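Everything quoted here is computed from the prediction, not taken from an experiment. Just so you know, residue 1 is the first one in the sequence shown, and it goes up from there. Atoms within a ligand are numbered from 1 in the order they appear, just like the ligands themselves.
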Amino acid sequence: ERLYQAHVAAFSGEDRQVAVTLHDATESRRLEQMRVDFVANASHELRTPLASLLGFIETLLGPAREDTAAREKFLGIMLHQARRMARLVDDLLSLSRIEQTLHVQPRAAVDLAAVAEQVRDALSPLAEDSRVDLVIEARKTMVRGERDELLRVAENLIENAIKYGAPEPGGPERKVWITVEPREGVGVLSVRDEGPGIAPENIPRLTERFFRVDVGQSRAKGGTGLGLALVKHILARHRGRLEIRSNLGEGATFTARTPLFD
Ligand code: ADP
């Protein structure tokens with residue numbers, strides 16, 4: 001069902017004629033609803049760690065005042081919650097900055113292979129702790145883009161593959177394959193994991209802000225629910241796109257394509 005907004009444009013008295021323009025408002029209504037949902041979600045996401053911080057501060061000022069062991073423990077939890085809020089605010093700011101520059105395509109020449117290798121190096125301690133073996137095969141691939149943003153894309157995809165692709169405790173080590181290559185006018189970065197995969201009905205929703213298949217699991221792993229939304233926006237600004245292939249129980253492959261620098 002479509003929604004129309006009517007504007008009375010002219011009114012002529014004698015023969016009582018009214019000119020009405022009909023304007024299709026379905027799309028603007030949908031965008032407005034998305035904006036309202038976004039603000040509500042963001043506030044809720046910030047409120048949760050904030051409530052926890054306030055609770056601990058009150059306890060530290062009151063009942064736990066003299067309890068050194070409790071203080072140590074509470075401060076650890078508070079640091080964790082404050083970091084979570086900081087990550088969330090950083091991601092929100094990045095999203096809004098990218099949205100504001102969506103119409104400006106970045107122009108620098110960036111080697112996607114070097115980007116993926118830098119992220120692989122940075123995330124190898126996390127991979128090791130998670131018992132994930134990162135396998136990379138990267139050919140020099142010059143794309144047109146902004147290096148920091150493409151780092152963000154690689155970081156989100158590879159970090160997700162490690163987080164969600166890691167083995168259960170006691171299970172055998174798992175692999176994550178990272179490939180970079182030029183292909184038919186675009187640079188292709190592909191990240192494949194051996195994790196639980198994603199149900200087909202959830203795939204189109206993964207790039208929505210704050211959508212998570214499992215909110216508890218995402219939080220436990222330090223997620224904000226904004227990573228893939230950010231990836232999608234960055235690639236849109238680069239005139240590229242993200243493709244997600246997965247089936248439950250079969251791991252997942254995330255492929256970013258972005259125009260070559262020619
Ligand atoms: P988060 O901060 O929760 O990781 P993302 O936007 O990066 O947020 O991802 C959204 C959701 O998509 C995750 O919470 C998770 O449910 C799902 N997801 C992302 N990557 C993978 C993956 N490699 N395997 C399975 N599920 C994934």
Side-chain angles (χ1 to χ4, degrees), residues 34 37-38 41-42 44-46 48-49 80-99 116 119-120 122-123 126-127 129-136 149-168 171 173-179 188-237 240-256:
M34 273 176 64
D37 289 349
F38 175 62
N41 282 331
H44 177 74
E45 293 289 332
L46 282 168
T48 312
H80 177 79
Q81 299 289 9
R83 284 197 175 130
R84 188 172 140 200
M85 290 178 74
R87 252 197 324 272
L88 196 62
V89 171
D90 283 348
D91 280 359
L92 286 170
L93 284 173
S94 302
L95 253 178
S96 109
R97 207 194 54 236
I98 289 160
E99 266 185 339
V119 172
R120 187 268 321 262
L123 290 177
L126 174 69
D129 286 350
S130 316
R131 293 196 306 119
V132 168
D133 183 17
L134 293 180
V135 184
I136 185 165
E149 291 186 8
L150 294 172
L151 275 169
R152 209 68 197 268
V153 168
E155 187 181 64
N156 275 311
L157 297 184
I158 297 170
E159 192 174 336
N160 277 351
I162 298 171
K163 283 188 327 194
Y164 300 105
E168 301 292 320
E173 193 179 89
R174 294 233 183 100
K175 284 192 164 69
V176 164
W177 288 270
I178 306 161
T179 57
V188 182
L189 162 70
S190 177
V191 180
R192 176 161 71 92
D193 66 60
E194 301 181 300
I198 303 145
E201 67 270 23
N202 284 327
I203 290 180
R205 302 203 58 194
L206 293 190
T207 54
E208 282 175 24
R209 295 151 191 209
F210 296 118
F211 177 84
R212 289 104 139 192
V213 174
D214 178 337
V215 178
Q217 186 197 37
S218 158
R219 289 222 178 104
K221 290 174 187 283
T224 60
L226 294 173
L228 291 177
L230 208 53
V231 167
K232 181 181 157 178
H233 275 79
I234 292 173
L235 290 173
R237 179 161 124 75
R241 62 194 172 88
L242 177 69
E243 183 187 286
I244 306 170
R245 284 173 192 274
S246 184
N247 258 312
L248 273 183
E250 293 176 13
T253 306
F254 288 74
T255 305

To the nearest 0.1 Å, how far is [atom] from its closest protein heavy atom, and which atom is that?
atom                    : result
atom 3 (O) of ligand 1  : S218 OG, 2.5 Å
atom 15 (C) of ligand 1 : Y164 CZ, 3.7 Å
atom 19 (C) of ligand 1 : N160 ND2, 3.6 Å
atom 23 (N) of ligand 1 : D193 OD2, 2.8 Å
atom 5 (P) of ligand 1  : L228 N, 3.7 Å

| said: Keeping K232 on the side-chain end and T207 on the backbone end, is there a donor-acceptor pair under 3.5 Å? | reply: no

| task | For E194 and K175, indicate whether the former's side chain and the latter's backbone hold a donor-acceptor pair under 3.5 Å. | result | yes

| Are side-chain heavy atoms of V176 and I136 found at a separation under 4.5 Å? | no

| Considering only heavy atoms from C-beta outward, does the side chain of S218 approach that of Y164 to under 4.5 Å? | yes

| task | Could you walk me through whether V191 and W177 pass side-chain contact (heavy atoms from CB on, under 4.5 Å), step by step? | result | CA-CA 6 Å; V191 180; W177 288 270; over 6 Å; no

| remark: A student comparing V213, D91, L206 should find that the heavy atom closest to atom 16 (O) of ligand 1 comes from V213

| Going by the atom numbers of ligand 1, which of them fall below 4.0 Å from some non-hydrogen atom of T224? | 2 (O)

| field | F211 neighbourhood, listing ligand 1 atoms whose heavy-atom distance to it stays under 4.0 Å | value | 10 (C), 11 (C)

Before signing off on this row, confirm whether [X] and ligand 1 have an N or O atom pair separated by under 3.5 Å.
X    : value
G223 : no
G225 : yes
A229 : no

| Atom CD in E45, atom CZ in R84: separation rounded to 0.5 Å? | 6.5 Å

| Do R152 and D91 meet the salt-bridge criterion of a basic N to acidic O distance under 4.0 Å? | yes

| Salt bridge between R174 and E168, side-chain N to carboxylate O under 4.0 Å? | no

| query | What part of F254 sits under 4.0 Å from ligand 1 if we count only heavy atoms: the side chain, the backbone, both or neither? | reply | side chain

| ligand 1 versus K163: contacting region, heavy-atom distance under 4.0 Å | side chain

| I198 to ligand 1, any heavy atom closer than 4.0 Å | yes

| query | Could you go step by step and tell me if R245 and T255 meet the side-chain contact (heavy atoms from CB on, under 4.5 Å) rule? | reply | CA-CA 8 Å; R245 284 173 192 274; T255 305; 5.9 Å; no

